[in-house]
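Take this structure, written in structure tokens, and hold onto it; I'll ask about it next.
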Amino acid sequence: PLSYKTSSSEVEPMEVTNGCMKEILNEMSSQGVKWMYGRWLIEGAPQVLLFDTYSVFDRLDGWKADLWNVVNIPSPANDQETNDLDFYNNIEKFPVDEEAGKRGIYHRYCVERAAAHCCDVFTTKARFVICPPRVLAIAFLPSHRFISDHKDGVLPNGLNVVKFSAVHEFQNLHARNKEKIHSFVRSHFYGHYDFDLDNTLYFFTAGRYEYGNKGVDIFIESLERLNHRLRACNSPVTVVAFLIMPAATRSYTVDALKGQAVTKQLQETVKEITDRIGKRLFEKAARYTSGDIVREVVNPSDLLTNEEMVLLKRRVIALRRESLPPIVTHNMIDDSNDPILNQLRRLRLFNDRMDRVKVIFHPEFINSNNPLFGLDYDDFVRGCHLGVFPSYYEPWGYTPAECTVMGIPSITSNLSGFGSYMEELLEDPSEYGIHIVDRRMKSVEESIQQLADIMLQFCQKSRRQRINMRNRTERLSDLLDWKFMGVEYTRARKLALHRTYPECFVGADPDLDDFQQCRTKIRRPSSGFISPRSSSSRNSEVDFEEQVPYIGEHEDEEEEYHYPLILKRRDSSRDLTAYTQEQYNS
């Protein structure tokens, strides 16, 4: 869809050069359809075609009538889905037609069922399972619970993975972007900034504002329990949890903007005074000839003047405030009915001084033009310590996948495509920083408790352990690259061509099960420290080989180490990751 609010800054308009495409778009324009064609200003600059659906909104009723007259599919005026937290545990018992009607999605169910029966290769939304229509039992969201087990393959989503020339650079990016988040936190909590940033962890969740589907409800509930447990054990760790989900707002709150202003004033004043002190100290040292160097050169009373002391006190007094730091950065249009705010108020997560878990709801996607953060979303993710996405329904889940590529550990669920894919791929996903909450077989209460346990265990890790975990997480990025994921799409397309034009091919359908069946789970990483020399003599025909240097006395320092992942197919000598021996040695 074409959003005029964001397209002007995110899309570079271009002329349509494809003849057929231009002819069709010109015809649509003559019928009143508004559109925009250009390049999306992100990595890769892909071409995009955006449509203003509201420009033809007056024809909607006519199209609904056609849908009913041609295929007998009704289209209700209010298309609203409802959440039922016991849906998955009882899905096999549901009368599908009746339940689709109750949930107001009967028309969607009919459209998708018809599409599934008419297609050559059936791809469902949930977990991207392909199934030919001849073995299709029934198509209903989420489809993978109602189709035959004789599926042809899985189509997971990939990412364009960019490798750094210096393999430890992603750790440096984490440190640099974390400092920028530190600056925001100092500003947001001015007057109540009494916690140690060296013992502060940044958790976040982000995505569309789907309160139940995205698992925001159980995330907030788990944060309250984490807060209680950290306070009970007198933990020095502070958790700042960001909720990044766009909602209807009027403007930034005065309090949020004031925090930026008074903190910036303090920073500029301290820098100015520091520069003056430096000049005075240099002059004193340069003139030193004899006597007591401490008394004559480094005399504190001579370094800070009364004028500077008064100015510094004024800046510090400006940081005082009686109210608590806000839990939301914007003025919400429907503040009293906002689900996130109401849950935070019910659980009394108000950013009190005694709270070990602080919460910030930012109802706007983050970009570098944001006056509060000044960071692009990718940089914000890199600066955080943990992404939390315990979705109740997620076809794939790009957000935890993006975290993985950037070397940031994450929490997902087994009701997301990404979580299920990682469970199938890794022997123990948590060892690689992919924590999976069970939302399929456990009750809501059990899922909340499990999520709180995972976050508490993460808070108890040392800095060295978190660095090692980020290394392990980032090494999985090759498995999410389109170079790896695209194999299944190629096979699916060949299958569709075989079924659509069988006369053009000789032999049976391509066996898409082959690639899935030969995949072996990646083993848990070795727990001990080994030297590169001793590891070089080990058997190279393994699924995963981890090399960790001897840390020695610097074990607690935040130094960056990174070592490559080697993944091999057991039945083939072909490396699925394109590491040459030279690259591996370097």
State whether Asp355 and Arg231 are salt-bridged, where the test is any N-O pair (Lys NZ or Arg NE/NH1/NH2 against Asp/Glu carboxylate O) under 4.0 Å.
->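 The answer is yes: the pair qualifies as a salt bridge.
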Which heavy atom in Met245 sits nearest to a heavy atom in Ala206, and how many Å separate them?
->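 Reported closest heavy-atom pair: CE-C, 4.5 Å.
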In this structure, are over 12 heavy atoms from other groups packed under 6.0 Å from Arg208 atom CZ?
->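 Atom CZ in Arg208 is not packed in, count stays at 12 or less.
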Salt-bridge present (Arg348, Glu224; N to O < 4.0 Å) =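 Not counted as a salt bridge, because no side-chain N and carboxylate O are separated by less than 4.0 Å.
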Specify the closest pair of heavy atoms between Ser430 and His435, including all atoms of both residues, with the distance to one decimal.
->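 Looks like CB-ND1, 3.6 Å.
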Any side-chain heavy atom of Val270 within less than 4.5 Å of one from Leu312?
->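 In short, these two side chains touch, coming nearer than 4.5 Å.
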Is it true that Asp453 and Arg229 have a side-chain N and a carboxylate O under 4.0 angstrom from each other?
->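 Salt bridge present between Asp453 and Arg229.
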Within 6.0 angstrom of Arg346 CZ, more than 12 heavy atoms from elsewhere =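 Correct, the count exceeds 12.
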Are Leu415 and Tyr393 side-chain neighbours, meaning at least one heavy-atom pair lies under 4.5 Å?
->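 Not in contact.
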Might you point out which heavy atoms bring Phe219 and Ala241 nearest each other, and give the distance in Å?
->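 So the two residues come closest at CZ-CB, 4.3 Å.
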Within the distance-only criterion (no hydrogens, no angle test), does the side chain of Thr205 pair as donor or acceptor with the backbone N or O of Val388 below 3.5 angstrom?
->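 Between the backbone of Val388 and the side chain of Thr205 there is a qualifying donor-acceptor contact (under 3.5 Å).
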Pair Arg225 + Glu445: basic N to acidic O under 4.0 Å =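 Salt bridge between Arg225 and Glu445, a charged N being under 4.0 Å from a carboxylate O: yes.
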How about Phe365: does its CZ atom have over 12 heavy atoms from other parts shown lying under 6.0 Å from it?
->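 Enclosed: over 12 neighbouring heavy atoms sit under 6.0 Å from CZ of Phe365.
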Arg523 and Glu431 ion-paired at < 4.0 Å =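 Here Arg523 does not pair with Glu431 in a salt bridge, since their nearest N and O are not under 4.0 Å apart.
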Under a 4.5 Å cut-off applied to non-hydrogen side-chain atoms, are Leu223 and Met455 in contact?
->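 In short, these two side chains touch, coming nearer than 4.5 Å.
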Roughly how far apart are Leu426 CG and Leu479 CG, rounded to 0.5 Å?
->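 Going from the CG atom of Leu426 to the CG atom of Leu479 covers 7.5 Å.
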Charged N to carboxylate O under 4.0 angstrom, Lys521 versus Glu427?
->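 The answer is no: the pair does not qualify as a salt bridge.
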Can you check whether Ile220 reaches Leu243 side chain to side chain, under 4.5 Å on heavy atoms?
->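 They are in side-chain contact.
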Spell out, as yes or no, whether a donor-acceptor pair under 3.5 Å connects the side chain of Asn370 to the backbone of Phe373.
->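 Here the side-chain-to-backbone pair exists.
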Would you name the heavy atoms of Val381 and Cys403 that are closest together and state the gap between them?
->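 Minimum heavy-atom contact is CG1-SG, 4.0 Å.
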Is it the case that Glu210 and Tyr392 place a side-chain donor and acceptor less than 3.5 Å from each other?
->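 Short answer, no.
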Could you check Val239 against Leu230 for side chain to side chain contact (heavy atoms under 4.5 Å, CB included), going step by step and ending with a plain yes or no?
-> CA-CA 9 Å; Val239 172; Leu230 290 175; 4.2 Å; yes
Taking the side chain from Glu446 and the backbone from Ser443, do they hold a donor-acceptor pair closer than 3.5 Å?
->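 Such a contact is found between Glu446 side chain and Ser443 backbone.
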Show your reasoning for whether salt bridge (charged side-chain N to carboxylate O under 4.0 Å, His left out) applies to Glu268 and Arg315.
-> CA-CA 10 Å; Glu268 292 175 348; Arg315 294 291 182 255; over 6 Å; no
Leu226 side, atom CG; Ile454 side, atom CD1 - distance, nearest 0.5 Å |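 That separation rounds to 12.0 Å.
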Supply the atom-to-atom distance Leu451 CG to Gln449 CD, rounded to the nearest 0.5 angstrom.
->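 Between atom CG of Leu451 and atom CD of Gln449 there are 9.5 Å.
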Smallest separation among heavy atoms of Ile218 and Pro390, with atom names =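 Looks like CD1-CB, 3.7 Å.
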Take Leu159 and Tyr398, measure what side chain to side chain contact (heavy atoms under 4.5 Å, CB included) needs, and give me the verdict at the end.
-> CA-CA 9 Å; Leu159 293 164; Tyr398 262 122; 3.5 Å; yes
Any sub-3.5 Å donor-acceptor pair from Ser391's side-chain atoms to Glu394's backbone N or O?
->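 No, Ser391 side chain to Glu394 backbone: no donor-acceptor pair under 3.5 Å.
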Mark yes or no for whether His385, through its side chain, and Leu201, through its backbone, hold a donor-acceptor pair below 3.5 Å.
->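 Not at all, since once roles are kept as given, no pair shorter than 3.5 Å links the two residues.
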Over all atoms of both residues, closest heavy-atom pair of Pro409 and Met469 |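 Heavy-atom minimum between the residues: CG-CG, 3.8 Å.
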Using only heavy-atom distances, determine whether the side chains of Ser251 and Asn331 contain a donor-acceptor pair under 3.5 Å.
->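 Note: Ser251 and Asn331 side chains meet the donor-acceptor criterion.
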Side-chain contact, heavy-atom cut-off 4.5 Å: Val216 with Ile340?
->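 Side chain of Val216 against side chain of Ile340, heavy atoms only: contact under 4.5 Å found.
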Between His362 and Thr329, a side-chain donor and acceptor under 3.5 Å |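 Yes, side-chain donor-acceptor contact under 3.5 Å.
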Going from CG on Asn172 to CZ on Arg382, what distance comes out if it is rounded to the nearest 0.5 angstrom?
->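 Atom-to-atom, Asn172:CG and Arg382:CZ are 11.0 Å apart.
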Electrostatic pair Arg345:Asp338 at N-O distance under 4.0 angstrom |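 Salt bridge: no.
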To the nearest 0.5 Å, how far apart are CZ in Arg321 and CZ in Phe189?
->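 Answer rounded to 0.5 Å: 8.5 Å.
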Could you tell me whether a side-chain N or O of Gln450 sits under 3.5 Å from a main-chain N or O of Asp438, the two making a donor and an acceptor?
->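 Such a contact is found between Gln450 side chain and Asp438 backbone.
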Check whether any side-chain heavy atom of Val357 sits under 4.5 Å from a side-chain heavy atom of His228, and report yes or no.
->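 Not touching, per the 4.5 Å side-chain cut-off.
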CG (Asn234) with more than 12 external heavy atoms under 6.0 Å =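 No, not enclosed.
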Check: Trp482 side chain, Asn160 main-chain N or O, donor-acceptor pair, under 3.5 Å |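 Side chain of Trp482 to backbone of Asn160: no pair is present.
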In sequence, state the C-alpha distance, the side-chain angles, and the governing distance for Glu474 and Tyr432, and then conclude on side chain to side chain contact (heavy atoms under 4.5 Å, CB included).
-> CA-CA 9 Å; Glu474 197 274 342; Tyr432 294 96; over 6 Å; no
Under 6.0 Å from the six-membered ring centre of Phe170 and within 45° of its axis: does the NZ or CZ of Arg470 meet both?
->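 That pair does not qualify as a cation-pi contact.
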Atom NE2 of His182: over 12 foreign heavy atoms under 6.0 Å |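 Count over threshold, so yes.
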Using the side chain to side chain contact (heavy atoms under 4.5 Å, CB included) rule, take Ile366 and Asp376 through it: C-alpha gap first, then chi angles, then the decisive distance, then the call.
-> CA-CA 6 Å; Ile366 291 178; Asp376 280 322; over 6 Å; no
Aromatic contact, Phe361 with Phe242 (centres under 6.0 Å) =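 Phe361 vs Phe242: aromatic centres not under 6.0 Å.
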Asp255 versus Tyr190: any side-chain heavy-atom pair under 4.5 Å?
->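 Side chain of Asp255 against side chain of Tyr190, heavy atoms only: contact under 4.5 Å found.
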Please answer whether the main-chain N or O of Thr6 pairs with a side-chain N or O of Ser9 as donor and acceptor at a distance below 3.5 Å.
->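 Such a contact is found between Ser9 side chain and Thr6 backbone.
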Note: Lys180-Asp379 ion pair, threshold 4.0 Å (strictly below) =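 Judged by the 4.0 Å cut-off on N to carboxylate O distance, Lys180 and Asp379 do not form a salt bridge.
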Does the Thr263 side chain pair with the main chain of Gln260, one donor and one acceptor, at a distance under 3.5 Å?
->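 Flag not set: sc Thr263 to bb Gln260 has no pair under 3.5 Å.
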Could you tell me if the ring centre of Tyr202 sits under 6.0 Å from that of Phe204?
->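 No, ring centres 6.0 Å or more apart.
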Regarding Arg356 and Thr238, is there a side-chain donor-to-acceptor distance under 3.5 Å anywhere?
->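 Yes, Thr238 and Arg356 have a side-chain donor paired with an acceptor closer than 3.5 Å.
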Any donor and acceptor pair, going by atom type alone, linking the side chain of Asn177 with main-chain N or O of Phe380 inside 3.5 Å?
->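 Between the backbone of Phe380 and the side chain of Asn177 there is no qualifying donor-acceptor contact (under 3.5 Å).
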Output the distance between atom OG (Ser7) and atom CG (Leu50), rounded to the nearest 0.5 Å.
->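 Answer rounded to 0.5 Å: 7.0 Å.
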Hey, do the aromatic rings of Tyr193 and His188 have their centres closer than 6.0 Å?
->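 No.
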So do Phe389 and Ser410 actually touch side chain to side chain, heavy atoms under 4.5 Å?
->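 SC-SC contact between Ser410 and Phe389 confirmed.
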